[in-house]
Every structure is written in C-alpha cells, then in structure tokens.
Amino acid sequence: MKTCSKPKKNTPKKKKTPTKITITRVDADIATHNGLFDEGCYGSSCKDECCGWGCDMDLTTLKLVQKHRKLVEPLIGAKIEECFSTPLKIDDDYIGGAYRETAVRKKDGLCAFHLKGQKGCSLFYLWITEKLPKKIVPTICRTYPITWHRGRLFIDKPLKKNCKAKEKTPKGTKVPSLFETQKKEVRALFDIPAKELKKLIGK
Ligand code: SF4
Ligand code: SF4
C-alpha cells in the first residue's frame, strides 16, 4: 500500500558555497611551459613582481585573515581594513563564493599583504611559520602564473620580466613544467574533469 506523504513546501534550494573552483577546459601549454623550478620564486632574481598588481582574495581566505589579524597586521604594518581596494563582490568563480581585491601599497608598489621591507608574502609566511591553514593564502597566489577565469585554466601571459618560469636555462636542460611545479595546488583548488586533466598528465 502506498503511504501518504505530506506535500513538501516549495522552498528554494540553498546554493552550495564553492570550496573548489570548477574548471571545464585547460590550456595544454601548462604541461609544457617551464615551471617555477628549483626553489621557485625564492630562488629567482624576481622581486615578487606579480605582487605589484595586488590580488583577488577569496572569501574563505578573507575570513582566515580576519581571524588571524593579530598575526598578520604586525607583518604588514597596517590594519586589515586598509588593505583592500574594493568591497566584497559575490562571485562563484571564487572559493567561498565572493572576493575582494587587495590594495597596492604606495610605499613599495606591492600588495598590502606583502611582508614589509623584505621579500615574501605575510600569508605564505604565516602558513609556514605558524602552521595556519593553507587557505589563508589566496588561490591565485598559490597557483600563479597558472590562473583561471570562468571555467578556463591557463597561463597568465605575458609573464613578468623576471618570473622564474621565464628564466633562461642552458640548451638541452629539461626543467619541470608549470603543471609539475604547481600540481599540488592545482589539484587542491580546482575541480577538473578527467578528460581535461589528461591534457596535463598525458594519460
Ligand atoms: S597575498 Fe601575498 S602573494 Fe598574493 S599578491 Fe598579496 S603579497 Fe603577493
Ligand atoms: S613573477 Fe613569477 S617568479 Fe616572480 S613572484 Fe610571481 S610567480 Fe614568482
């Protein structure tokens, strides 16, 4: 006998907050372009040139930055509230479903979250030294110069002048590709369909 069930209320489904970024196609040159080999950014002559643009900070990152503000603020010499150039924008293309753009410091022309007076990012620094969750580092800063936009994963060309991925290597020397040097981050942060992933892993 069929049981009678109560009619369900027509309530709108709650949208899931994105914890990974959905990718639908990848550019194959990610698997062939030289990567951030050896010690990566730290082992290059680059003075953190890509930090000169500031970055888009995912909502998930922003919440962690606010939670750990007492650790962040002394490293950057500013209050968190002073470190953004835009208000929060809702956007599913970001982890947490929204983002803010960071400001660029007048004094050194670098992102407001760059360590004051020395090479490196305060958020990477805190992840390493204080063992904070890695999501305290914005997605784009973990994968750069691999980036994404509305489902496409690609290399943000042209690369900055002194980017490690542009460094000349002796003829015949093989260095790991961008996918090889960034794959841990790419896999942790993006949902890539198997067909597209094959372009990168070649199987
Ligand atoms: S958050 Fe850190 S790595 Fe990202 S742009 Fe700012 S200083 Fe550079
Ligand atoms: S420009 Fe290249 S080498 Fe320099 S900090 Fe950015 S990713 Fe690293």
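All ligand and atom numbering here is 1-based and tracks the order in the structure. Keep in mind that this is a model prediction, so the values were computed, not measured. All residue numbers in this chain count up from 1 along the given sequence.
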Which of the numbered atoms in ligand 1 are under 4.0 angstrom from any heavy atom belonging to [X]?
{"X": "F113", "answer": "7 (S)"}
{"X": "H114", "answer": "7 (S)"}
{"X": "C121", "answer": "1 (S), 2 (Fe), 3 (S), 7 (S)"}

Of the protein's non-hydrogen atoms, which lies at the shortest distance from atom 8 (Fe) of ligand 2, and what is that distance?
->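 Nearest neighbour among protein heavy atoms for atom 8 (Fe) of ligand 2, to 0.1 Å: C41 SG, 2.4 Å.
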For atom 3 (S) of ligand 2, the protein heavy atom that lies nearest, with its residue and separation |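 Residue, atom and distance for the closest contact: K164 N, 3.2 Å.
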Verify the distance criterion only: is there a donor paired with an acceptor across the side chains of D91 and Y99 at less than 3.5 Å?
->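 There is no such pair between these side chains.
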Check T143, D27, I30, T24 against L153 for a side-chain contact (heavy atoms from CB on, under 4.5 Å) and give me the one that passes.
->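 Among the candidates, only I30 passes.
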Numbering the atoms of ligand 2 from 1, which are under 4.0 Å from a heavy atom of D48?
->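 So the atoms of ligand 2 that pass are 5 (S).
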Using a strict 4.0 Å threshold on nitrogen-to-oxygen distance, state whether E185 and R142 make a salt bridge.
->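 Salt bridge: yes.
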In terms of side-chain geometry, is the basic nitrogen of K160 or D48 positioned less than 4.0 Å from the acidic oxygen of its partner?
->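 So K160 does not pair with D48 through a salt bridge.
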Begin with the C-alpha distance, continue with both residues' side-chain angles, and end with the deciding distance and a verdict on side-chain contact (heavy atoms from CB on, under 4.5 Å) for I76 and C83.
-> CA-CA 9 Å; I76 58 175; C83 294; 3.6 Å; yes
Examine C111 and say whether one of its N/O/S atoms is closer to atom 8 (Fe) of ligand 1 than 2.8 Å.
->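 False for C111.
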Would F124 and V104 show up in the same hydrophobic cluster when neighbours are defined by side-chain heavy atoms closer than 4.5 Å?
->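 No; tracing contacts between hydrophobic side chains, which count when under 4.5 Å, never links both residues.
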From C163, P145, C46 - option closest to atom 4 (Fe) of ligand 2 by heavy atom |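 Result: the heavy atom closest to atom 4 (Fe) of ligand 2 is in C46.
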Which option out of C50, C141, C51, S44 puts a heavy atom nearest to atom 6 (Fe) of ligand 2?
->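 Result: the heavy atom closest to atom 6 (Fe) of ligand 2 is in C50.
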What do you reckon, is CZ of F37 surrounded by more than 12 foreign heavy atoms closer than 6.0 Å?
->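 Count over threshold, so yes.
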Does C55 bring an N, O or S atom to under 2.8 Å of atom 2 (Fe) of ligand 1?
->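 Here the distance criterion (N, O or S atom, under 2.8 Å) is not met by C55, so no.
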